Amino acid sequence: MHKKFTLQLNKMKSLKFYATIVAVLLIQKFQLSISISNHKYLTPYEVILSWKILDYKFPSPQMRDEFLKTKQFIPENNPLTGIKIFGSRLFVTVPRLRAGVPSTLNYIDLKSITVKGSSPQLIPYPSWNMQKIGNCNALQFVQSMEIDRWGRMWIIDVGRDNIFGDKTVKCPAKLLIIDLATNQILHQHEFPPNVVNPQTNYLNDLVVECKTGQWGCWAYITDCWDAKLVLYSLEEDRSWYVQHSQSMTADPSAMQFHILGGTYTVNSSINGIALSPKRISNHDRLYYNPLSSRSMYSVTTSTLKHAFMTGQTKLSDLEVTCHAKNRPSQSGGTMMDSTGLLFMGQMEHNAVSYFNTTKLSSSYSLSKVDHLFEPEVVIMQDDIDLQWPDTFAFDNQGYLYLTTCRNQRFFSNTMDFNDVNFRVVRVFVGSRSYMY
Ligand SMILES: *[C@@H]1O[C@H](CO)[C@@H](O)[C@H](O)[C@H]1NC(C)=O
Ligand SMILES: *[C@@H]1O[C@H](CO)[C@@H](O)[C@H](O)[C@H]1NC(C)=O
């Protein structure tokens, strides 16, 4: 009996021993796989540009003084948000949310940047003349732009300035297409008031779909004040919109943003937008999310085109798919890469994460049930550098770029301009944008 007991004990010991070995091996394997995936997806990010406060390259010091004196330039009212890259030009936007933004669309010549983290002056694009407030042929308020495969920049313009202040209508909302090779305007589309309301819109972000050459393109645009998804066909030079209350308006339970001990209330509708990649899905699906939401939604691009053709303005519940609920945080801008990874900011965690949108069941096209993604994967986190990851861009070298801008402080007038507030950050992910 005693012997048997000992034997059993030994057996148990050896089992435990084996279990320990297996556990160690598993942990090693786990660590190995983590470090491999770190190597690809957690490559330390770089802060390539940073500013305490934004400044511009004025044609002369006199003009800068004049702009300061007449309050056409109020430096603390200038937030950095949109970003896109073309060659060595890094384009950024400064939305005219408040008065005193001298230039809403700008660029920085990356060739002129020799020190990482430096604070270059912004150069108005395509010119100073194109930034004139009240000239409806010029740019009034640009938050986002996109650059297509033919080097054309698609720019959305809200049409008025100081939208947090006086509500005077200035110009119709419009879409401009500029050839980046010649810096000439190729095309302009004014949105009719029944599609984009000039008094109340806030055109926020866009994606561009070109399936059939450079004229068969569509733009999908979020309007985060009127809770609309705006559709534009370049071939027809015509625009339309659709709405879906549940997926496109703010979720009352997601309006509180808890960021570094502060609580900020944001009631904001459809904001982030991303298109499934050309190579993998032929752009079959459009993803979107309200800013005040912990969900991620999608609709097929064929549904949107059908609505465009037939004049339908309401999407039905059956046409909208929900892929994620109760996410760890709300997100603003999002960006799809060429492999189907959907990148986004996690505002409450000062982090950037992704969903692998290719990991869906085969019943993907039946939008009757929710098609939940696997939990999102965090690739970067930093409480200082990554406060409010706002907008994303890809270069063609495998880098994902983003702006971080402490928007929670801008909204609540609690910016500290002795501190760095605006950054351009990049991380190597090894892919390109959804257009490829
Ligand atoms: C959020 O804003 C919308 C549009 O202005 C408004 O209709 C809604 O009542 C607001 N929700 C809350 C909870 O304040
Ligand atoms: C995404 O999912 C696909 C399909 O399951 C897989 O092949 C790919 O490796 C995944 N990518 C990442 C980064 O997890």
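In each ligand, atom 1 is the first atom listed, and ligand 1 is the first ligand listed. As the structure is a computational prediction, the values presented were derived from the model and not from experiment.
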Enquirer: Look at the rings of Phe417 and Phe422 and say which category their plane angle falls in: under 30° parallel, 30 to 60° tilted, over 60° perpendicular.
Expert: tilted
Enquirer: Please identify which atoms of ligand 2 are closer than 4.0 Å to at least one heavy atom of Asn356.
Expert: 1 (C), 2 (O), 3 (C), 8 (C), 10 (C), 11 (N), 12 (C), 14 (O)
Enquirer: Would atom 9 (O) of ligand 1 count as contacted, meaning some protein heavy atom under 4.0 Å?
Expert: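 Neighbour list for atom 9 (O) of ligand 1 is empty of protein heavy atoms (cut-off 4.0 Å).
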Enquirer: Tell me the closest heavy-atom pair linking Leu90 and Leu49, and the distance in Å.
Expert: CD2-CD1, 4.3 Å
Enquirer: Should the ring pair Phe91 and Tyr107 be called parallel, tilted or perpendicular, given that the plane angle runs from 0 to 90° and is split at 30 and 60?
Expert: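 Rings of Phe91 and Tyr107: tilted, as their planes differ by 30° to 60°.
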Enquirer: Before giving the answer on ring-ring contact (aromatic ring centres under 6.0 Å, His included), spell out for Phe343 and Phe392 the whole-Å C-alpha distance, their side-chain angles and the decisive distance to 0.1 Å.
Expert: CA-CA 8 Å; Phe343 292 93; Phe392 296 86; 7.1 Å; no
Enquirer: Quick one: does ligand 2 sit under 4.0 Å from the side chain of Tyr354, the backbone, both or neither, non-hydrogen atoms only?
Expert: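 Looking at Tyr354 and ligand 2, just side chain atoms fall under 4.0 Å.
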Enquirer: Hey, can you tell me if Tyr232 and His189 have their rings parallel, tilted or perpendicular (30° and 60° cut-offs)?
Expert: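 It falls in the tilted class, 30° to 60°.
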Enquirer: Atoms of ligand 1 less than 4.0 Å from Met255 heavy atoms?
Expert: 11 (N), 12 (C), 13 (C)
Enquirer: Would you verify that at least one protein heavy atom lies under 4.0 Å from atom 1 (C) of ligand 1, or report that none does?
Expert: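 Yes; the ligand atom in question has protein heavy-atom contact below 4.0 Å.
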Enquirer: Check this for me - ligand 2, Lys359, N or O atoms closer than 3.5 angstrom, yes or no?
Expert: no
Enquirer: Return the closest protein heavy atom for atom 12 (C) of ligand 1 as residue, atom name and distance.
Expert: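 Protein heavy atom with the smallest distance to atom 12 (C) of ligand 1: Asn267 ND2, 3.5 Å.
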Enquirer: State whether any protein heavy atom lies less than 4.0 Å from atom 14 (O) of ligand 1.
Expert: yes
Enquirer: List ligand 2 atoms under 4.0 Å from Thr358, heavy atoms only on the residue side.
Expert: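 That gives atoms 1 (C), 2 (O), 3 (C), 4 (C) of ligand 2.
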Enquirer: Measure the acute angle between the ring planes of Phe373 and His323, then classify it against the limits of 30° and 60° as parallel, tilted or perpendicular.
Expert: parallel
Enquirer: Can you name the nearest heavy-atom pair linking Gly332 to Asn289, along with the distance?
Expert: O-ND2, 3.5 Å
